[in-house]
Protein chains: 2
Amino acid sequence: MSSPKLSPRTRTAAARREEPSLPSGTASPDAPPPSPGDGQPSGAAPEGEPPYRVTEQVGYLLRRAHQRASALFQEHFSGIDLTPTQFAALSVLVDEGELSQNLLGRVTAMDPATIQGVVMRLRDRGLVERVADHTDRRRFMVRPTAAGRAIATGAIAEARAVTAATLAPLKPAERKTFLALLRRLG
Amino acid sequence: MSSPKLSPRTRTAAARREEPSLPSGTASPDAPPPSPGDGQPSGAAPEGEPPYRVTEQVGYLLRRAHQRASALFQEHFSGIDLTPTQFAALSVLVDEGELSQNLLGRVTAMDPATIQGVVMRLRDRGLVERVADHTDRRRFMVRPTAAGRAIATGAIAEARAVTAATLAPLKPAERKTFLALLRRLG
DNA sequence: GGATCATTATTCGTACACGAACAAAACCGT
DNA sequence: ACGGTTTTGTTCGTGTACGAATAATGATCC
């Protein structure tokens with residue numbers, strides 16, 4: 001119920017309505033390495049550059065899509081009360097058995113400062129435990145508790161549902177394509 | 001620079017065979033060919049589900065790609081010292097001229113609580129100004145200052161470079177495809 | 001051995017992101 | 001005109017994200 005009504009054409013922004021035609025015509029043929037210093041394709045721009053619109057850039061679209069994916073996750077996990085990152089960390093731990101806190105962060109794409117908070121919250125809820133590593137006294141090994149294991153495995157069905165809901169706007173073949181491309185941007 | 005050493009010494013995860021057995025109602029007895037990578041036939045899934053791996057789900061990949069895009073943005077904008085969301089808000093304001101704070105948030109995909117902080121920080125730096133709306137005394141109109149306009153227009157070249165760097169791993173045709181699909185997931 | 005460098009974990013500060021609760025103003029049907 | 005609903009903006013609390021600084025330990029080189 002309650003239509004989202006996210007149509008912000010209230011006052012301005014209704015005057016012009018051109019189609020994007022072709023996105024970003026930088027004539028890089030292939031493999032533009034991340035060489036810093038390529039300010040812009042200055043110099044040669046024979047074709048009229050399309051206007052820059054922030055809401056059509058990858059960064060903005062990625063932020064939007066990530067917001068939607070997180071919202072869908074929260075809906076499905078409102079009962080379990082796990083955030084996407086908490087579930088990611090817990091799920092990896094259940095698969096791997098035991099990881100140092102730092103390595104767990106790298107595997108789940110979290111900063112050392114970020115994984116610290118995530119692990120602490122999981123520990124406060126009794127889902128993981130931290131054990132000092134005897135061979136390397138800098139490290140803490142993190143491993144799931146029985147409760148954490150039960151919750152993670154029991155939530156896999158919901159997690160699959162979240163993935164399905166997130167990809168729902170795409171047709172099956174498009175999902176495959178999208179995931180293959182998205183993987184290369186990670 | 002030290003090799004990242006991102007190799008979780010997985011000795012597990014190889015000899016796994018447990019069957020999920022209870023994920024969703026997928027008890028379709030007629031199992032089509034078990035071709036791998038068959039996508040996700042919505043509804044009845046064939047048997048032999050692949051193991052669930054968090055790091056291959058859309059949500060995780062979107063988070064990762066968004067992190068990378070933000071990092072690239074920060075690199076290019078370290079001199080200007082604008083965050084992606086701050087630039088998005090400012091850029092939209094320069095295009096639209098003047099928007100209420102609430103509408104600005106909707107256009108840039110930010111929660112009312114989020115856009116509030118973003119606008120405040122932009123105002124503290126003298127890039128936007130907030131004016132009370134006389135026709136609707138609940139609203140504040142937000143508009144860019146001369147300085148904000150100058151910064152936003154002057155940064156468009158860098159912003160294009162960020163987009164190019166973010167999409168660099170993909171070939172031009174793939175970028176077009178990816179953006180078209182990503183747009184539909186927003 | 002001892003100096004140097006790298007890794008691990010922690011803490012601090014800042015910035016998104018959003019649910020929830022709130023007050024003021026606008027809107028609406030009757 | 002009135003009362004109920006919606007919209008707008010604010011504040012609070014929690015969680016993710018990360019740069020920077022720090023301390024402790026491990027690894028390496030001379």
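As the structure is a computational prediction, the values presented were derived from the model and not from experiment.
- Within residues 78-88 of chain B, no residue has any heavy atom closer than 4.0 Å to DNA chain D.
- Minimum interatomic distance between A:V107 and B:T55 (heavy atoms only, all atoms of both residues): O-CG2, 3.9 Å.
- Checking C:dA17, D:dT16, D:dG9 against the side-chain heavy atoms of B:M110 singles out C:dA17 as nearest.
- Listed nucleotides: C:dC16, D:dT10, C:dT8. Nearest to the side chain of A:R106: C:dT8.
- For D:dA17, the OP1/OP2 oxygens have a side-chain nitrogen or oxygen of B:R63 closer than 4.0 Å.
- At a threshold of 4.0 Å, the pair B:R121-B:D124 does not count as salt-bridged, since none of the basic side-chain nitrogens sits closer than that to a carboxylate oxygen.
- Residue A:Q101 places at least one side-chain N or O under 4.0 Å from the OP1 or OP2 atom of C:dT10.
- Computed from coordinates, the A:H66 NE2 to C:dA17 C1' distance equals 10 Å when rounded to whole Å.
- As judged by a 4.0 angstrom heavy-atom cut-off over every strand, A:Q74 is placed among residues making no nucleic acid contact.
- In this structure, B:Q116 reaches the D:dT10 phosphate: one of its side-chain N or O atoms is under 4.0 Å from OP1 or OP2.
- Both A:M141 and B:T108 lie close to DNA chain C; mapped to their nearest nucleotides by heavy-atom distance, the more 5′-ward contact belongs to A:M141.
- Taking atom CG of residue A:N102 and atom P of nucleotide D:dA24, one finds them 18 Å apart after rounding to whole Å.
- The side chain of B:T114 lies closest to C:dA17, out of C:dA17, D:dT16, C:dA15.
- As a whole-Å value, the separation of A:L103 CG from D:dG26 C1' is 17 Å.
- Between B:Y52 and A:D95, every side-chain heavy-atom pair lies at or beyond the 4.5 Å cut-off.
- Remark: the B:R138 side chain and the D:dT8 base include no donor-acceptor N/O pair separated by less than 3.5 Å.
- Rounded to a whole Å, the CG atom of B:D133 is 11 Å from the P atom of C:dC27.
- In this structure, B:F87 and B:F73 have tilted ring planes: the angle between them lies in the 30° to 60° band.
- Of the candidate nucleotides D:dT25, D:dG19, C:dA17, D:dG19 has the atom lying nearest to any side-chain atom of A:D111.
- Between B:R125 atom CZ and C:dA15 atom C1' the separation is 12 Å, expressed in whole Å.
- Comparing A:V118 and B:P112 by the nucleotide of DNA chain D whose heavy atom lies nearest to each, the residue mapping closer to the 5' end is B:P112.
- Distances shorter than 4.0 Å separate none of the side-chain N or O atoms of B:R137 from OP1 or OP2 on D:dT8.
- Note: CD (A:E75) to C1' (C:dG19) measures 13 Å, nearest angstrom.
- Atom pair B:L122:CG and C:dA15:P shows a separation of 10 Å (rounding to whole Å applied).
- The cluster map of Ile, Leu, Val, Met, Phe, Trp and Tyr, joined by side-chain heavy atoms under 4.5 Å apart, puts A:L122 and B:V54 in the same cluster.
- Here A:R123 does not pair with A:E129 in a salt bridge; the nearest charged N to carboxylate O distance is not below 4.0 Å.
- One finds a side-chain N or O of A:R130 lying less than 4.0 angstrom from the OP1 or OP2 phosphate oxygen of C:dT10.
- Distance B:H134 NE2 to D:dT8 P: 18 Å, rounded to the nearest Å.
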I'd like to know whether B:S100 forms a side chain to side chain donor-acceptor pair (under 3.5 Å) with B:N102, so could you lay out the CA-CA distance, the side-chain angles of the two residues, the decisive distance to 0.1 Å, and finally the verdict.
CA-CA 5 Å; B:S100 79; B:N102 201 285; 5.8 Å; no
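- B:E56 and A:R183 are not joined by a salt bridge, as no carboxylate oxygen comes within less than 4.0 angstrom of a charged side-chain nitrogen.
- In the set D:dG19, C:dC16, D:dT8, the nucleotide with an atom closest to the side chain of A:A113 is D:dG19.
- In summary, of the residues considered (A:R130, A:Q116, A:R139), a side-chain hydrogen bond (donor to acceptor under 3.5 Å, both in side chains) with A:Q101 occurs for A:R130 alone.
- Note on A:D136: only backbone sugar-phosphate atoms sit closer than 4.0 angstrom, heavy atoms only; bases stay farther off.
- Residue A:R139 has no polar side-chain atom (N or O) positioned under 4.0 Å from OP1 or OP2 of D:dA24.
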